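To keep things clear, I will list the structure first and then write my remarks on it.
We count ligands from 1, going down the list as the structure has it; atoms in each ligand are counted the same way. Model, not experiment: these values are computed from the prediction.
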Amino acid sequence: MKKQILYNVLIFSVIGFTSCKHDPPYNGEDICFESQILPIFLTNCTSSGCHNSIDQAEGLNLTTYTGILKEIKKYKPLESKIYEVITDHGDDMMPPPPRPPLTDEQIELIYNWIWSGAPNDVGCGQVLNCDTSNVTYSITVRGILIQHCTGCHNASIASGGVILTNYNDVKTLADNGHLWAVITHQGGYSAMPPSGMLDSCSIHQIENWINQGAPNN
Ligand code: HEC
């Protein structure tokens, strides 16, 4: 009997919690997966040994929409594994300590995004035209670097001692993981470019090139 009462209290508090949290219901129309949700995962979950496309810890690649969706139950944040672990304070806590937990704002954003059906297509037009299959150093990667990086990283202005105008130097940074770390804002590295994160298409194109072994093609 006691158990039943406790159970009812629990159910009511869960219902109460979910229904007042979005009153009036949040429609999620202005959440953009590519610019608001994906960067949270790239920054906090995809460093070396974790949930990136190579290491895939626990079989999870959290660098793509499809990969993230595997751990999500659309419209049901409280039943989604991802929401569970980012709000857990025990053994399942993600990111695992000593890494800092997500901020309340990030957690709420993820909650609202799942609650609104975890859409991938809202305000994210450029991603639909993103070609990550024909990535080359000479055209794709060099193009991104010239547009976003080489103004501060060339032979005469080598910020931080880093030059990004020739293949060999870029290759070294690709192989030692620094290129991926700075563009996805991993802890312990400077976030590059300093003005804000690259668009997700550029990040995935660079990722694809790194995964191919960073060839001089
Ligand atoms: C407005 C100038 C500016 C732009 C643009 C810029 N950087 Fe930097 N970068 C810096 C400065 C300054 C440093 C050294 C100080 C620091 O580490 O914050 C640096 C440091 C670095 C480092 C070494 C950091 C570390 O923690 O090891 C790398 C790698 C790097 N940048 C890559 C890039 C890439 C890739 C881009 C383009 C996506 C880029 N940077 C765009 C100014 C810039």
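In this structure the side chain of T136 never reaches within 4.5 angstrom of the side chain of R142, judged on heavy atoms. In this structure, M197 and I183 have side chains that are not in contact, with every pair of non-hydrogen atoms separated by 4.5 Å or more.
I146 and V182 are assigned to two separate hydrophobic clusters, defined by single-linkage of ILVMFWY side chains at heavy-atom distances under 4.5 Å. Note on W180: it does not cluster hydrophobically with I163, by side-chain heavy-atom contacts below 4.5 Å among ILVMFWY residues. With hydrophobic clusters built from ILVMFWY side chains whose heavy atoms lie under 4.5 angstrom apart, I139 does not share a cluster with V170.
In this structure, NE2 of H153 and SD of M192 enclose an angle of 170° at atom 8 (Fe) of ligand 1, rounded to 10°.
In summary, the atoms of ligand 1 found under 4.0 Å from a heavy atom of Y189, numbered by their order in the structure, are 26 (O). Each of the following atoms of ligand 1 lies closer than 4.0 Å to a heavy atom of L179: 35 (C).
Aromatic rings of Y75 and W115 (six-membered ring for Trp) have centroids beyond the 6.0 Å cut-off, not under it.
Protein heavy atom at the shortest distance from atom 29 (C) of ligand 1 is V182 CG1, 3.8 Å. Nearest protein heavy-atom contact of atom 22 (C) of ligand 1 is V162 CG2, 3.7 Å. The shortest contact between atom 12 (C) of ligand 1 and any protein heavy atom is with S159 CB, 3.6 Å. The protein heavy atom nearest to atom 1 (C) of ligand 1 is C152 SG, 2.7 Å.
The option from C149, S190, P194 that lies nearest to atom 17 (O) of ligand 1, judged by heavy atoms, is S190. Of all the listed residues (H178, H148, M197), H148 holds the heavy atom that lies closest to atom 41 (C) of ligand 1.
Remark: side-chain polar atoms of N217 are paired, donor with acceptor, to backbone N or O of Y137 under 3.5 angstrom. A distance-only check finds a donor-acceptor pair linking the side chain of S80 to the backbone of K73 [under 3.5 Å].
When heavy-atom distances to ligand 1 are checked against a 4.0 Å cut-off, L164 comes that close only through its side chain, counted from C-beta outward.
Put simply, atom 10 (C) of ligand 1 has protein non-hydrogen atoms near it, under 4.0 Å away.
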